[in-house]
> 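One structure, as structure tokens, below. Some questions next.
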Amino acid sequence: MQRSEVVPAGTVLSRIATPADLRALGPDELDALAGEIRDFLVQQVSRRGGHLGPNLGVVELTLALHRVFDSPSDPVLFDTGHQAYVHKIVTGRAGDFDRLRTRGGLSGYPNRAESPHDWIENSHASTSLSYADGMAKAFALRGEHDRTVVAVIGDGALTGGMAWEALNNIAAAKDRPVVVVLNDNGRSYAPTIGGMAQKMAALRLRPGYEQMLAQVKATVERTPVVGPPLYSGLHAAKTAVKDWLLPPAMFSDLGLKYVGPIDGHDIAGLELALSQARGFRGPVLVHVLTDKGRGYAPAEQDDAELMHSPPAFDPATGQPVAAASTTWTQVFGRELVRIGTVRPDVVAITAAMAGPTGLQPFGRAFGDRLFDVGIAEQHAVASAAGLALGGMHPVVAVYATFLNRAFDQLLLDAAMHRLPVTVVLDRAGVTGEDGPSHHGMWDLSLAAMVPGLRVAAPRDAVSLAAELDEAVAVQDGPTLLRFPKGAVPAPVLAVRRIPPTGIDAGFDAETGAETAPAGAAADGELGPFGAIDVLAEPGPDRAAEVLLVAVGAFGATAVEVAERLAAQGISVRAVDPRWVLPVPAALVELARGHRLVVTLEDGGRSGGVGAAVADALAGTGVPVRILGLPQQFLEPAPRAELLRDLGLSAQAIARGITEQIAGLTESTGGTAKRVAADAG
């Protein structure tokens, strides 16, 4: 049921509740609907941001798909899912767009709980073809031969190796109906790169050749006597032209029927091509050319990203409505350029996301030292290992959620070879409105399993700069730096620094003097590693009862918790280990003098920093409380809201520590029983 306050009354859009409603529309109504959907997208996405550019580009394609195929019986799968807004609109969810990307509202990606038309929710790229292959096999085994599986995949996602693994299998089954729609807009976030992309670009520059040959075909076939033989020769010439320009040969050699290229904004042409593909009853690739950001001038004029995923903006101008702030990403990008000016061996690698990960400034400064490998995180890390073997120090910048895809390469290609590769994880921890597939909450649990990997979690811009310097100075193994999404906080100053122990970095235990040169190995660790920043502690006349170990951006929260607990009569020492994995030996020594150790991180509670600290303190008799994220898929919601609800706000942390200290006092028979109370 459409909600009139969201969908304008009297529009064609107001009459669309199911895909079947699309099939009753004539050409003029379809054109009007396409325009209405674009206006609707701009108005709704402008409210709180979202994936605008990709959806403006697939309006006609989505309408044609739902007019030709019978969703949900014919599954329509969207690779990455960020191009599924139009799909949501025409499957009955337009009235919910006022709650797009909100908690309990409409997901920014396909969501099976929302509609039977949404089959998959994983919004990582290059996966749709594998889903399609498996679904087609299942339908065949069940005897459901009238169903067709459709996978819509962007040309950028074809730079991912998993897509080609799936194509290899899809093409092998000549009687399983799978239609692969290649949405070729020449971009993922930025322009698609690589040899295949260059070939596709050549074809995009000649989009009229297909129409020209079609017109000649119609004329020649009507010519008496010589028509059919002449057309056969023409068809051979057409195939040769296609093979020279691009892909058909590549896809045909795999065993895929190739159709295209098709104008992705011509609904009639799209329907014809898709109907032919459906009728083939085997594996078909339909090559569709679309324009990302189409129909909205500010998006079309955004050369960098075509408004791929803007924050809230003014729909009249396309300009952000919030005041600009300095982000973690910007600080990283600035500092890497600084390092690059003095370290010609430092190179950067992006997986099709130079802008979102902060590498564009480095690329502008050092064009030949930035490598975009496409949507291929596995290859990015393995290629980085090769660069390190060749004498360079690569910095691989990806979103934290995408480290999952490159774990094997981090483990066996970088760490096992003890290669100096630095991995920088943007958007670590709870990321907000993009939801479960994009929360970067698995990285610490994965990193803790990698022998020889050193992990840093900066708490502010100053510590990010320092720890990045330290990371690229490492020569005997990989390093990892993680930071969250959003604005970088105000500096969190340390009241003092506890130097590394001799085990950590070659320090004299009595004098604290460094006995090994900075950057030199000592007992398997380096000079900068093992130092601990003390962020808050009681005065010299009182011992600290609680050691609060803050990971990264939780530094400011830890200081606030210490202040709250001090008001309750509980003395706290809040520390930032800086390099959080492996656990510094100095932290183990420091912990022995406290009644309780509490770790605070925005990674999963299982296998992360807290678990490593608990293992390190096993047998010391010091209890450890691990505060982190539950090992579950978290819904989309603002970061602060999710952290609060998960008990990771300063108030909730202080309350929990108060209760635990009270319990420890009771268990030791203390007479000064503390009453657990709200520490706020």
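All heavy atoms count here, side chains included; hydrogens, waters and symmetry mates do not. None of these values were measured; they are calculated from a predicted model.
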> Rounded to the nearest 0.5 Å, what separates atom CG in Asp469 from atom CD1 in Ile339?
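Between atom CG of Asp469 and atom CD1 of Ile339 there are 4.5 Å.
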
> Where is the tightest heavy-atom contact between His594 and Val622, given as atom of each residue plus distance?
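For His594 and Val622, the tightest heavy-atom pair comes out as O-CG1, 3.7 Å.
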
> Test side chain to side chain contact (heavy atoms under 4.5 Å, CB included) on Phe362 and Val395 and set out the steps.
CA-CA 11 Å; Phe362 188 90; Val395 176; over 6 Å; no

> Side-chain contact test, heavy atoms from C-beta onward, threshold under 4.5 Å: evaluate it for Arg103 versus Leu642 and give yes or no.
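A side-chain contact exists here, since the closest heavy-atom pair is under 4.5 Å.
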
> Taking all atoms of both residues into account, what is the closest heavy-atom pair of Arg482 and Asp443, and its distance?
NE-OD2, 2.5 Å

> Would you say Asp98 and Arg47 make side-chain contact, with heavy atoms under 4.5 Å?
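In short, these two side chains touch, coming nearer than 4.5 Å.
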
> Between Tyr109 and His51, does the ring centroid distance fall short of 6.0 Å?
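For Tyr109 and His51, the ring centres are under 6.0 Å apart.
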
> Let me see the working for Glu470 and Arg454 under salt bridge (charged side-chain N to carboxylate O under 4.0 Å, His left out), right down to the final yes or no.
CA-CA 11 Å; Glu470 294 162 10; Arg454 300 176 177 91; over 6 Å; no

> Work out which heavy atom in Thr431 is nearest to a heavy atom in Lys485; give both atom names and the distance.
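Reported closest heavy-atom pair: O-CD, 3.4 Å.
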
> Does the side chain of Arg427 come within less than 4.5 Å of Thr329's, by heavy atoms?
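Thr329 vs Arg427: side chains touch.
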
> Could you check whether any side-chain heavy atom of Met449 comes within less than 4.5 Å of a side-chain heavy atom of Leu411, counting everything from C-beta outward?
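A side-chain contact under 4.5 Å is absent here.
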
> A side-chain contact here means heavy atoms from C-beta on lying under 4.5 Å apart; do Leu646 and Leu634 qualify?
yes

> As a quick check of understanding, evaluate side chain to side chain contact (heavy atoms under 4.5 Å, CB included) for Phe332 and Leu464, giving each step before the final call.
CA-CA 7 Å; Phe332 161 67; Leu464 192 161; 4.3 Å; yes

> Any chance the side chains of Asp426 and Thr357 put a donor and an acceptor closer than 3.5 Å?
no

> Does the pair Glu659/Arg655 count as a salt bridge with the N-to-O cut at 4.0 Å?
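No salt bridge links Glu659 with Arg655.
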
> Can you see which heavy atom on Asp460 is nearest to which on Ala490, and at what distance?
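Asp460 and Ala490 have their closest heavy atoms at CB-O, 4.2 Å.
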
> Minimum heavy-atom separation for Gly569 to Arg542, with atom names?
O-NH2, 2.6 Å

> Please test Gln360 against Leu370 for side chain to side chain contact (heavy atoms under 4.5 Å, CB included), starting from the C-alpha separation and ending with a verdict.
CA-CA 9 Å; Gln360 277 186 340; Leu370 172 63; over 6 Å; no

> Against Leu444, only a single residue in Leu480, Leu425, Val609, Leu629 fulfils side chain to side chain contact (heavy atoms under 4.5 Å, CB included); can you say which?
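Testing Leu444 for a side chain to side chain contact (heavy atoms under 4.5 Å, CB included) against Leu480, Leu425, Val609, Leu629 leaves exactly one candidate, Val609.
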
> Taking it one step at a time, do Phe554 and Asp576 satisfy side chain to side chain contact (heavy atoms under 4.5 Å, CB included)?
CA-CA 9 Å; Phe554 275 109; Asp576 170 16; over 6 Å; no

> Would you compute the distance between atom CD of Gln378 and atom CG of Leu410 and round it to the nearest 0.5 angstrom?
12.5 Å

> Classify the ring geometry between Tyr399 and His438 as parallel (under 30°), tilted (30 to 60°) or perpendicular (over 60°).
perpendicular

> Are Trp328 and Pro489 close enough that some pair of their side-chain heavy atoms sits under 4.5 Å apart?
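Yes, side chains in contact.
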
> What heavy-atom pair brings Ala543 and Pro538 nearest, and what distance separates the two atoms?
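Shortest heavy-atom contact: C-CG, 4.2 Å.
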
